[in-house]
K.L.:
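Structure below; questions to follow.
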Amino acid sequence: MQYVRVIGLKEDANAVLDELQNLGAVEISKPAYDGLETGRPLEISDEVLSQLTRIRGMKNSLVPFEFKARESLDARTAVAEAKKITIDSDLIALNDRLEKAKKREEEIKEELAGLEAIRPLHIDYSKLDFSVLDFRLGKVRAENLARLISYVSRSTTSFEHISAPAGAYSLVLFAFKKGEHVSEFLAKGGFEEMPIPRLSTTVSDRMGALDSELAAIAAEKGKIATEKLEISKEYWPRVAVLNEALKIEAEKAEMARKLGNTLATFTLEGWVVEKNFHNMERHLKSKFKNIAISKAGTTKQPPTEFQNPGLTSPFQFLVEFMSIPKPDEIEPASILAFTFPLIYGMIVGDVIYGILSLALAVYMVKKTKPGIIHSLGQMLAIAAVPAILFGFFFDEWFGFSFSHFMGFFGLQFSGTFLSLLGIGLVMHRLEGLTTLIVFTIFVGIFHLSFGFILGFINEWHHDKWHAFAKLGWISLIASGVVLIPKLLFKTDMLPFGDSFVVGGILGLLGLALVYKAEGFIGLFEIPGVLGNIMSYTRIAAVGLVGVIIAEKIINELVVGNIMSGMTNPVLLVVMGIVVIVLHLLNLGLAMFESLIHGARLNLVEFYGKFYKGGGRKFAPFAAARHFTRQGKPGKDLPG
């Protein structure tokens with residue numbers, strides 16, 4: 001990343017910003033030295049902002065249509081064209097009508113819900129005499145109705161009531177003489193009071209009137225939508241182009257604040273990707289005669305440019321989720337593109353599950369727009385491939401072995417799929433649990449050691465001793481690999497030499513390097529690193545849970561015991577669907593757990609060995625165009 005300085009004539013400032021905005025190559029920042037007047041917005045910026053506010057409001061109210069991109073507009077043309085569009089009041093009126101209709105619709109639905117609740121009583125509330133009697137409407141659980149009447153009877157004998165069943169409750173309307181104090185007894189009886197509607201007709205008639213009003217509101221909303229659609233057909237392309245053009249001009253006007261000015265010149269500074277410097281320089285000098293462009297020094301921290309093409313690009317959001325790397329750090333997205341799918345695949349480890357997860361991931365990608373869910377779908381699609389490959393290695397096919405799975409299709413095989421290819425390397429997770437755990441521990445050892453190597457590379461240009469400390473940790477891990485099996489299991493990991501001697505030398509070397517760089521406190525991290533390594537056994541544990549659910553619970557319990565005795569074809573089909581649904585639920589659980597634990601092992605255990613972050617993303621000054629295209633500003637406005 002290169003810091004650059006551009007000096008030109010003040011009269012060219014607007015045009016230079018135009019070119020830089022179209023190039024999208026420079027992240028502009030304020031000049032870092034005294035003697036320059038603070039930049040000001042461009043002359044027309046107030047008008048641009050005013051019209052942008054108007055046009056944006058119109059755009060948000062119109063119905064979008066596809067149309068071909070138009071040539072860009074300069075600020076004055078865009079402002080002038082925006083002033084010609086005077087549909088503000090029409091759209092405001094339509095929106096007001098729509099809001100009133102929606103508000104009334106909600107009021108009616110709320111009233112209908114209340115009336116529906118009291119409808120079973122079939123009472124004409126318009127005939128209730130509130131001048132003489134006090135009425136109480138409410139509900140009580142059906143089994144408590146008799147008790148409620150008993151409580152009220154203790155308070156007064158001057159009452160009438162009518163009730164009607166309403167599910168688990170009974171609706172009750174009491175009539176008391178004015179002045180009767182019965183609230184306490186009503187409450188003791190479990191009476192839940194409800195508001196009494198003040199109607200001039202029956203409940204049914206009122207509900208009918210409200211239904212008619214709802215139909216009228218629906219017709220009004222349809223009429224509003226039609227009117228808005230007609231306006232949109234005429235104005236949407238123009239409004240969309242103007243909104244984008246004015247937004248681009250507003251951003252340019254605001255960027256002018258970052259220029260430093262003298263009486264006759266302007267100074268612009270910022271960051272550009274080093275390989276793009278000469279192209280930018282050549283382009284600006286071809287456009288402007290009186291301009292000076294040079295590389296400049298600065299104490300500012302440079303931004304980080306993400307360059308993650310192809311298969312690595314979906315993993316960029318995981319990096320950004322944690323922290324943006326600094327420019328001099330190894331950017332880890334390309335590493336995650338390998339390590340995350342590997343761990344995911346080891347946990348899922350089933351051929352059919354892998355194929356189904358691939359199909360689901362592809363569906364997610366196709367049905368979502370670029371964003372987190374879209375990137376997640378791409379990640380899962382990539383990770384499904386090692387899930388299938390590990391399924392071959394573990395010989396798992398929907399929780400069955402290959403030979404058993406093929407038997408469902410009437411095909412007889414005595415070996416595994418890999419044995420058909422002449423490969424005898426297979427590890428059954430349930431049968432080879434010890435081997436699986438040891439295998440995942442070694443995955444953790446190699447993964448973390450790789451992280452320390454990356455840490456060594458990152459630290460080399462900052463602090464040589466801290467870089468060597470990273471190698472010290474690798475030496476300590478190697479020491480543990482040699483000594484622990486020898487001490488605990490009397491097993492030599494080395495085909496040569498004495499394990500105690502070699503392990504001791506590696507351990508002492510590691511301790512010395514860590515102590516030299518990080519001091520005595522650094523040595524307290526040894527249990528932490530051991531814990532990090534043991535965390536990788538979760539790959540075996542989580543994967544094994546999925547195997548037990550698929551193989552022992554679904555396949556053996558449901559398929560083996562329940563379905564085996566069935567002869568009814570309908571029940572067989574139903575149970576077959578149940579088995580498939582259970583496997584799909586297990587697949588969903590496996591995908592979720594694999595995603596969580598795969599991300600954790602990478603972003604917590606692995607990242608901590610080399611990654612610091614704390615950078616910021618390179619954000620060049622550029623025009624985001626969807627409805628306009630770059631070119632000579634003109635008046636090619638859609639009519």
Side-chain angles (χ1 to χ4, degrees), residues 341-362 380-440 442-443 539-591 593-594:
L342 190 66
I343 293 173
Y344 179 96
M346 281 190 282
I347 295 176
V348 175
D350 185 293
V351 176
I352 307 302
Y353 277 19
I355 292 171
L356 291 174
S357 67
L358 176 62
L360 177 61
V362 170
L380 293 175
I382 295 168
V385 176
I388 296 170
L389 297 178
F390 274 103
F392 292 136
F393 177 60
F394 296 142
D395 192 29
E396 293 178 19
W397 301 68
F398 231 39
F400 298 102
S401 66
F402 176 69
S403 57
H404 196 172
F405 186 73
M406 289 295 104
F408 289 109
F409 303 96
L411 303 173
Q412 299 300 319
F413 292 99
S414 59
T416 67
F417 180 84
L418 292 181
S419 67
L420 295 177
L421 304 177
I423 302 172
L425 187 64
V426 172
M427 181 177 69
H428 297 282
R429 285 194 273 188
L430 278 178
E431 297 171 10
L433 179 58
T434 302
T435 305
L436 179 65
I437 292 173
V438 172
F439 174 67
T440 56
F442 273 94
V443 168
I539 296 173
V542 176
L544 209 58
V545 170
V547 175
I548 292 171
I549 293 173
E551 186 175 329
K552 298 298 181 182
I553 297 178
I554 301 176
N555 292 348
E556 288 190 13
L557 181 63
V558 180
V559 178
N561 296 335
I562 299 177
M563 292 183 67
S564 59
M566 285 187 182
T567 56
N568 188 316
V570 175
L571 287 178
L572 281 172
V573 171
V574 171
M575 288 306 299
I577 294 172
V578 170
V579 168
I580 292 172
V581 169
L582 290 174
H583 271 296
L584 291 176
L585 291 173
N586 190 35
L587 169 61
L589 179 64
M591 291 177 68
E593 293 287 347
S594 303

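Fair warning: this is a prediction, and the values are worked out from it, not measured in the lab.
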K.L.:
Can you find a heavy atom in the side chain of Leu587 that is under 4.5 Å from one in the side chain of Ser357?
P.N.:
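Result yes, sub-4.5 Å side-chain heavy-atom pair found.
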
K.L.:
Any chance you could measure Ile347, atom CD1, to Met591, atom CE, to the nearest 0.5 Å?
P.N.:
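Here the rounded value is 12.5 Å.
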
K.L.:
Output the distance between atom CZ (Phe405) and atom CG (Leu411), rounded to the nearest 0.5 Å.
P.N.:
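Rounded to the nearest 0.5 Å, the CZ-CG separation comes out at 10.5 Å.
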
K.L.:
What distance do Ile577 atom CD1 and Leu584 atom CG have between them, rounded to the nearest 0.5 Å?
P.N.:
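If I round to the nearest 0.5 Å, the distance is 11.5 Å.
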
K.L.:
For a 4.5 angstrom cut-off between non-hydrogen side-chain atoms, does Phe390 reach Val348?
P.N.:
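No; the side chains remain at least 4.5 Å from each other.
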
K.L.:
How far does NZ of Lys552 sit from CD1 of Ile549, to the nearest 0.5 angstrom?
P.N.:
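One gets 14.0 Å once the value is rounded to the nearest 0.5 Å.
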
K.L.:
Nearest heavy-atom pair of Gly546 and Asn586: which atoms, and what distance?
P.N.:
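Heavy atoms of Gly546 and Asn586 come nearest at O-ND2, 3.2 Å.
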
K.L.:
Could you tell me the separation between the CD1 atom of Ile580 and the CD1 atom of Ile554, rounded to the nearest 0.5 Å?
P.N.:
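Ile580 CD1 to Ile554 CD1: 11.0 Å, rounded to 0.5 Å.
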
K.L.:
Hey, could you give me the CD1/CG distance between Ile355 and Asp350, rounded to the nearest 0.5 Å?
P.N.:
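Interatomic distance, Ile355 CD1 to Asp350 CG, rounded to 0.5 Å: 9.0 Å.
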
K.L.:
Is there a side-chain contact between Ile343 and Ile539 (heavy atoms, below 4.5 Å)?
P.N.:
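Side chain of Ile343 against side chain of Ile539, heavy atoms only: contact under 4.5 Å found.
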
K.L.:
Might you point out which heavy atoms bring Leu425 and Leu418 nearest each other, and give the distance in Å?
P.N.:
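Scanning both residues completely, I find the closest heavy atoms to be O-CD1, 3.4 Å.
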
K.L.:
Can you name the nearest heavy-atom pair linking Leu358 to Ala381, along with the distance?
P.N.:
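Looks like CD1-O, 3.5 Å.
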
K.L.:
How far apart are the closest heavy atoms of Ala384 and Tyr344, and which atoms are they?
P.N.:
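Smallest heavy-atom distance, with atoms named: N-CE2, 4.4 Å.
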
K.L.:
Mind listing the closest non-hydrogen atom pair of Ala387 and Gly354 along with its distance?
P.N.:
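Of all heavy-atom pairs spanning Ala387 and Gly354, the closest is CB-CA, 4.1 Å.
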
K.L.:
Could you pull out the closest heavy-atom pair between Phe398 and Leu356, with the gap in Å?
P.N.:
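Shortest heavy-atom contact: CE1-CD1, 3.8 Å.
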
K.L.:
Below 4.5 Å, heavy atoms only, C-beta onward: do Leu589 and Leu585 meet side chain to side chain?
P.N.:
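Contact flag for Leu589/Leu585 side chains = no.
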
K.L.:
Relative to each other, are the rings of Phe402 and Trp397 parallel, tilted or perpendicular (30° and 60° limits)?
P.N.:
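Because their plane-to-plane angle lies in the 30° to 60° range, the rings of Phe402 and Trp397 count as tilted.
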
K.L.:
Judged by atom type as modelled, is there a donor-acceptor pair below 3.5 Å linking the side chain of Asp395 to the main-chain atoms of Ser403?
P.N.:
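Checked: no pair found.
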
K.L.:
Using 30° and 60° as the class limits, which term best fits the ring planes of Tyr353 and His583: parallel, tilted or perpendicular?
P.N.:
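The rings of Tyr353 and His583 stand perpendicular, inter-plane angle above 60°.
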
K.L.:
Is the closest side-chain heavy-atom distance between Met427 and Phe394 below 4.5 Å?
P.N.:
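SC-SC contact between Met427 and Phe394 confirmed.
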
K.L.:
Please list, chain by chain and in numerical order, all residues satisfying side-chain hydrogen bond (donor to acceptor under 3.5 Å, both in side chains) with Glu593, sequence neighbours excluded.
P.N.:
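So Glu593 forms a side-chain hydrogen bond (donor to acceptor under 3.5 Å, both in side chains) with His597.
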
